[in-house]
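All figures in this text were calculated on a predicted structure; none of them were measured in a lab.
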Amino acid sequence: MTALRATWLTWRIHRFEVVFVVALSGLLAVTAWIIADQIRGLGLSDACWPRTDEGFATRACDRMIERFWRIADQAAPVRVALTVAPALLGLILGVPVVARELELRTAGLSWSLARSRRRWLLARFLPMLAVAVVGLALVAWAGGTLFEALWLGRHGPDLTEIAGEGIGLIARGLAGLAVALLIGTLVGRTMPTVLIGVVVLAAWGLVAVPRAQDVLADRSTTWQRDGSWREGPSYLRYLDDGMFDASRPGRAGEPGARLDEDTLSRDIYRRLERACGDAPDDGGRTRASRTWEACAQPFWDEEAQLATYRWRYVVPRSAWTDFVTLDVAMSGILGGTALLLTFPVVARRKPE
Amino acid sequence: MSAASPSTMDDPVLTPDHVRPPALEAKAVSKRFGRSTQALRDVHVSVPQGTIAALVGPNGAGKSTLIRCWVGFESPDAGAVRVLGVDPATDRAGAVERLGYVSQHTGLYRGLSVADHLTLAGTLRRGFDAAEARLRLDQLGIPLGQRAGTLSGGQASQLALCIALGTHAPVLLLDEPLASLDPLARHEFLNLLVAVVRERGATALLSSHIVSDVAAACDGLVVLGGGRVTLQAPIDAALGAHRIAAPGNVDPAIAVATFARPGGELAVLVRSADATLATPSLEELVMGYLAAARSPGTGSGASGPDV
């Protein structure tokens, strides 16, 4: 009975955030579902994709694929929203739980009545967690539907989209909620908590997680020459693309090293200078100039070849689960740590 | 400003009630905020059970800090506080359940109704008497359905008090609850507080920087100035043991301090029961001791309790 009343009060206190989150989740889910439905309605099949010099398999395929890309372009903002949504939803639900109580000095009333602040926090946190799980699950389902439809044209998702669908999205959202809770407890002000939370979650999503993915990718990826993916097996999912030298070992001993175009160019010109010296300053009219150009030509050819070095970094479908598990584990570590720290911090926090 | 030697524990008139055990105790409490703000310096306070005490002092005297130490919202840097023998630093839950607290800012949730606040108190405090709180709010004419954000300052304080009273806590701590109230609301607030505390035999400590507010309601007086206790005594005894004298011809041994009366006229507060001299008002008594606390090198209130 007390738990029910506490839940009711949490709803009364945080109803604006809850309504906002439910509305935002619903809007995102409906939008994503409508776009996915439009794509599915095209009836596009894998048979349409192999491209010939004349175009795609049939004229009908051409038209369908043109429409597919138009819809996919329109879906770009939704894809971005799906990637940003977990952290945003977590922040919206997590920030006010303690930060606003401290800011508006309501914590003083509650904490002077509560025998245990930990229980007080649980009573506030659990209903918000439930709302977060429901909202995030809705978005995750819609994200999955949309990405699955969009993968038709890409033969698999980009790893950056892990956060835009499925359990990865839910885990990141819950981590955002816990991080917001902790920062809010430490800072005690709403807006600074939002700003710090955005920075922490952005750093986490843009730096920490991709670093960890890179490490995992070195062990589980294969390289595929750019342009060949349409003819290649459809189960390949790409992580990144870039310069690649199959003759060199990668940093983790994988077959082939990722290369940087600028570094390669600089390397070529250094070798050119060593082999041919400086170019004569005569406008290319003298014999010396022609000799120098003949010496330099193989290096220029080599540089021109750089564009063809572009390979794609791909992850087999079998490894996709590893990436999702890594993503969820990292979110779990971040969120779990934040949550575990929040309870003792709340117990010691001085209200205004 | 002249000063006298500090009052001592030997003074029978000002000695606090040793018959009743203390409900609130502070022993050698010091608290500093940052490097420059010494909020409390070696504070000794003892409020006997079953009494209503006023904690008086100017803004920044350390009243709220001391009260927050008892509630467990601050930890003393030195010394210890106790609520009915329980130290909030080691047993916060034990201290909290013995306390009803009304903060200066009431801490009400603007978006919640009055009834929601009673529900909130019921979920947080075992044994919260919502029926009694509802009855008192009804008597005060505060509608249960009204949102706290739309209550007047007086109504908000009354609601906070009704919540504190609904806890049936044996000790009530009220931090400047009268600050934002008009005279009528102040009167109603104090009437309710005194009636309930007397009826239950509870203990209340009421802080204020306006002495006249609390004079009628309280039995005891604790004056804080510059983070120190400058006077602690039952109000009647304290008034009976002091007199107002004209400056110039006062024995320095009995002078507490010279201070300006409301009209600007200088007067000396002396420790004396001389019937030929005027008895000070409570405000004059407090002003005298605050003046003594401000005067450098004065004995009175330089450290620890006066009584």
Review point. Would B/Leu108 and A/Thr106 count as a side chain to side chain contact (heavy atoms under 4.5 Å, CB included) if you check the C-alpha gap in whole Å, the side-chain angles of each, and the deciding distance to 0.1 Å?
Key: CA-CA 6 Å; B/Leu108 299 177; A/Thr106 49; over 6 Å; no
Review point. Stepwise, does the side chain to side chain contact (heavy atoms under 4.5 Å, CB included) test hold for A/Leu104 with B/His105?
Key: CA-CA 9 Å; A/Leu104 300 180; B/His105 311 285; over 6 Å; no
Point to revise | Evaluation steps, side chain to side chain contact (heavy atoms under 4.5 Å, CB included), between A/Arg12 and B/Tyr109 | key: CA-CA 10 Å; A/Arg12 297 276 297 147; B/Tyr109 292 81; over 6 Å; no
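By the 4.5 Å heavy-atom criterion applied to side chains, A/Leu113 and B/Thr123 are not counted as neighbours. Residues A/Leu109 and B/Thr106 fail the side-chain proximity criterion, which asks for heavy atoms closer than 4.5 Å. Two residues are said to be in side-chain contact when any heavy atoms from C-beta on lie closer than 4.5 Å; B/Arg125 and A/Arg115 fail this criterion. Within the 4.5 Å cutoff, the side chain of A/Ser110 has heavy atoms near those of the B/Leu124 side chain.
Of the atoms belonging to A/Trp8, it is side-chain heavy atoms, and not backbone ones, that fall under 4.5 Å from chain B. Interface remark: B/Ser64 contributes no atoms to any contact with chain A (heavy atom separation under 4.5 Å). Contacts between A/Arg117 and chain B at a heavy-atom distance below 4.5 Å involve the side chain alone, from C-beta outward. There is no contact between B/Ser103 and chain A, counting heavy-atom distances below 4.5 Å.
Top candidate by heavy-atom pairs under 4.5 Å with chain A, chosen from B/Ala160, B/Gly111, B/Ser113, is B/Gly111. Interface summary for chain B: among A/Arg349, A/Glu101, A/Arg119, the most heavy-atom pairs under 4.5 angstrom belong to A/Glu101. For the set B/Thr167, B/Leu112, B/Leu173, B/Ile163, the entry with the most heavy-atom pairs within less than 4.5 Å of chain A is B/Leu112. Listed options A/Ala107, A/Ser112, A/Ala347, A/Gly108 were ranked by heavy-atom pairs under 4.5 angstrom with chain B; first place goes to A/Ser112. Chain A forms more heavy-atom pairs under 4.5 Å with one residue of B/Val96, B/Val102, B/Val71 than with any other, namely B/Val96.
The environment of CZ in A/Phe16 is sparse: at most 12 heavy-atom neighbours from other residues, nucleotides or ligands sit within 6.0 Å. Shown here is A/Phe343, whose CZ atom has more than 12 heavy atoms of other residues, nucleotides or ligands within 6.0 Å. Counted within 6.0 Å of NE2 on B/His168, heavy atoms from surrounding residues, nucleotides or ligands total more than 12; the atom is thus considered enclosed. More than 12 heavy atoms of other residues, nucleotides or ligands shown are found within 6.0 angstrom of CZ on A/Arg15. Counting heavy atoms of neighbouring residues, nucleotides and ligands inside a 6.0 Å radius, atom CH2 of A/Trp33 does not exceed 12 of them. Other residues, nucleotides and ligands contribute only 12 or fewer heavy atoms inside 6.0 Å of the CZ atom of A/Arg348. Heavy-atom contacts from other residues, nucleotides or ligands closer than 6.0 Å to CG of A/Leu122 number more than 12.
In this structure, B/Arg92 contributes its side chain and A/Ser116 its backbone to no donor-acceptor pair below 3.5 Å.
With values rounded to the nearest 0.5 angstrom, A/Ile13 atom CD1 is found 14.5 Å from B/Arg110 atom CZ. With rounding to the nearest 0.5 Å, the separation of OG in B/Ser75 from NZ in A/Lys350 is 6.0 Å.
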